[in-house]
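Structure first, then comments.
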Amino acid sequence: MKVTLLGSTNGLDNFQNLSRFGQSCARICNSEKDFEELQEEPRKDELIRGVMESGHHSVFEHTFHNFFMDGLPKALVMVLNNERVYTTSEKSARYTQMSEVVSEQKELYEKWMEKIEPRISAVYPQMDNLEQRDKNVKKLCQENARYMTSVFTPTKMAHTLSLRQLNFLIHEFERFAAANASGKDEFKRRLADSMNEFLAQEDVSKLKVETLDNQTDRHLSFFREKAVEKHFGDTYSRSYLMSFAGLAQAHRHRTLSYGVSDGYQLGAPIGFFVPEIIRDNGELVWEWEKDLRKVSSNDFPQAQLLVVNERGNLEDFRSKCILRLCGHAQHEIMRNTLETAEQYAEQRPETASWKKPKCMQGMKCSSPCVWTGKRALERIV
């Protein structure tokens, strides 16, 4: 794992300068001066210390830090992407070939790349706009074969967050690691080990501020003690089964809240996601699940099903529908979003028109689509 600080707001990369900037932001609240004048004031350690100790940490959210994170386990990335506010650009397992995979899982990945290709090819001749057919088939093979790989497979990303948010994560990672590093829960233990490695990175530790610790009852949101209640109104909540890979896609919708209440334990107690493209072939389904049981005996395959809890408001779910009820969306999350939209429409009939791709709702799509229109929702891959 390697975490590198690429840059910070106004080039501020040490606490002396960062806290001085925070002082100017704090002074805006009780001063008539312009910001340039506030920047010229001498450093006031007592003021900075008082702001920190009082818990008024929002003034330290004005400085943002850009990191390049390489070699982070996907599971740790999912924890990072479940917290707000951040911006991330991550290597895609849908659009790129998986490479940093343990040898046994690499063999299964390549095996299913080959097995799924003829199944997908049988579907594609029925579709329009086939100039990039081979490229599209390969992408879909990658999307499905990666379910065989561990959610602890290393990945890489650019990740941007504020000084305050970074310190929230630092302190919560320390808390989580202390509680789980020697525990019996294998998933949490491996996650704790990854967090300790993250905390040891020089470009992370140098931005740790003891007095920017979490002073609320907010903690890491990835895990939930129990499933949420089902509700569809101005706000909504529901629980459903989704794979690690599907949840990682759902994290792209940062205005919505996600948490896992069960299924992450070693051995995949709830089972595995099975791609729809092979569900009509009993022999392939048997082989798919056999291979995943082998992986799950000592690891956590991305196909492993979780109890996922989703909460949000009506408008933000509408935005999710526009992006996920689409031929470009990962198949699993498209189906999941459609199911939520159908349940929403039962309670709020005025949302029924949302159950269509945006190209069928008068919205222009700038990307060519091999499925087009309603077939984006009828596809089985």
Side-chain angles (χ1 to χ4, degrees), residues 92-95 97-98 108-149 240-250 252 268 270-292 301-306 308 320-343 345 354-361 365 367-381:
S92 172
R94 297 180 68 203
Y95 296 100
Q97 191 98 7
M98 298 285 285
L108 292 176
Y109 176 83
E110 293 174 348
K111 167 187 172 179
W112 284 98
M113 283 282 291
E114 293 182 5
K115 281 185 171 292
I116 289 174
E117 191 277 333
R119 302 288 294 179
I120 295 175
S121 294
V123 175
Y124 262 89
Q126 305 169 24
M127 301 300 152
D128 300 326
N129 304 323
L130 301 178
E131 295 113 358
Q132 294 185 302
R133 179 185 175 280
D134 290 344
K135 180 180 178 181
N136 289 325
V137 169
K138 182 180 179 180
K139 183 194 79 171
L140 291 169
C141 288
Q142 290 170 171
E143 177 178 308
N144 285 278
R146 57 85 181 264
Y147 280 108
M148 289 285 154
T149 65
Y240 48 79
L241 298 183
M242 178 177 268
S243 72
F244 276 115
L247 177 57
Q249 288 291 309
R252 302 302 187 192
I270 299 178
F272 310 104
F273 172 79
V274 178
E276 191 172 351
I277 191 76
I278 67 168
R279 287 180 199 168
D280 65 345
N281 186 312
E283 184 176 334
L284 279 180
V285 171
W286 179 85
E287 190 172 359
W288 175 269
E289 293 181 333
K290 176 180 69 73
D291 287 345
L292 285 167
Q302 294 207 51
Q304 183 166 333
L305 289 174
L306 314 167
V308 176
K320 182 178 181 179
C321 287
I322 291 172
L323 293 171
R324 295 305 178 183
L325 299 184
C326 174
H328 292 289
Q330 179 208 37
H331 187 257
E332 183 184 6
I333 195 172
M334 182 275 288
R335 288 291 192 202
N336 173 272
T337 305
L338 181 59
E339 181 180 286
T340 304
E342 289 170 341
Q343 293 183 27
W354 299 359
K355 298 184 296 178
K356 295 185 294 185
K358 65 180 181 180
C359 59
M360 297 182 66
Q361 298 184 55
C365 183
S367 301
C369 178
V370 298
W371 304 103
T372 68
K374 68 177 183 178
R375 283 180 294 184
L377 307 187
E378 295 173 349
R379 61 191 169 103
I380 61 171
V381 66

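Below, each value reflects all heavy atoms present in this structure, side chains not excepted, and no hydrogens, waters or symmetry copies. These numbers were taken from a predicted model, which means no experiment stands behind them.
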Do you know the tightest heavy-atom contact between Cys326 and Arg379?
-> O-NH2, 2.9 Å

Whether Glu289 side chain and Phe272 backbone form a donor-acceptor pair below 3.5 Å = no

CD1-SG distance between Ile322 and Cys359, expressed to the nearest 0.5 angstrom | 12.0 Å

Check: Leu292 and Met148 side chains under 4.5 Å, non-hydrogen atoms = yes

Evaluate the side-chain proximity of Pro357 to Leu377: yes if any heavy-atom separation is below 4.5 Å, no if none is.
-> yes

What distance separates Asn281 CG from Lys115 NZ, expressed to the nearest 0.5 Å?
-> 9.0 Å

Is the side chain of Arg279 donor-acceptor paired with the backbone N or O of Ile380 at a distance under 3.5 Å, no angle test?
-> no

Measure across Ile270 and Leu305 and return the closest heavy-atom pair with its distance rounded to 0.1 Å.
-> CB-O, 3.9 Å

Identify the heavy atoms of Phe244 and Pro301 that sit nearest to each other, and give their distance.
-> CD1-O, 3.5 Å

Within the distance-only criterion (no hydrogens, no angle test), does the side chain of Arg119 pair as donor or acceptor with the backbone N or O of Ile277 below 3.5 angstrom?
-> yes

Answer yes or no: are there more than 12 heavy-atom neighbours, outside Glu378 itself, under 6.0 Å from its atom CD?
-> yes

Closest heavy-atom pair and its distance - Leu325, Trp354 | CD1-O, 3.3 Å

Looking at NZ of Lys111 and CG of Asp291, how far apart are the two atoms once the value is rounded to the nearest 0.5 Å?
-> 3.5 Å

Only one of Gln304, Glu332, Gln302 passes side-chain hydrogen bond (donor to acceptor under 3.5 Å, both in side chains) with Ser243; say which it is.
-> Glu332

Any idea which heavy atoms bring Asn144 and Trp288 closest together, and the distance?
-> O-CH2, 3.3 Å

Side chains of Met113 and Glu117 in contact at under 4.5 Å (non-hydrogen atoms) | no

Rounded distance [0.5 Å steps], CG in Leu338 versus CD in Gln343 | 10.5 Å

Taking atom CG of Leu284 and atom CH2 of Trp112, what is their separation to the nearest 0.5 Å?
-> 5.0 Å

Distance col, row Lys355:NZ vs Thr337:OG1, nearest 0.5 angstrom, shows 14.0 Å

Do Glu143 side-chain atoms and His331 backbone N/O form a donor-acceptor pair below 3.5 Å?
-> yes

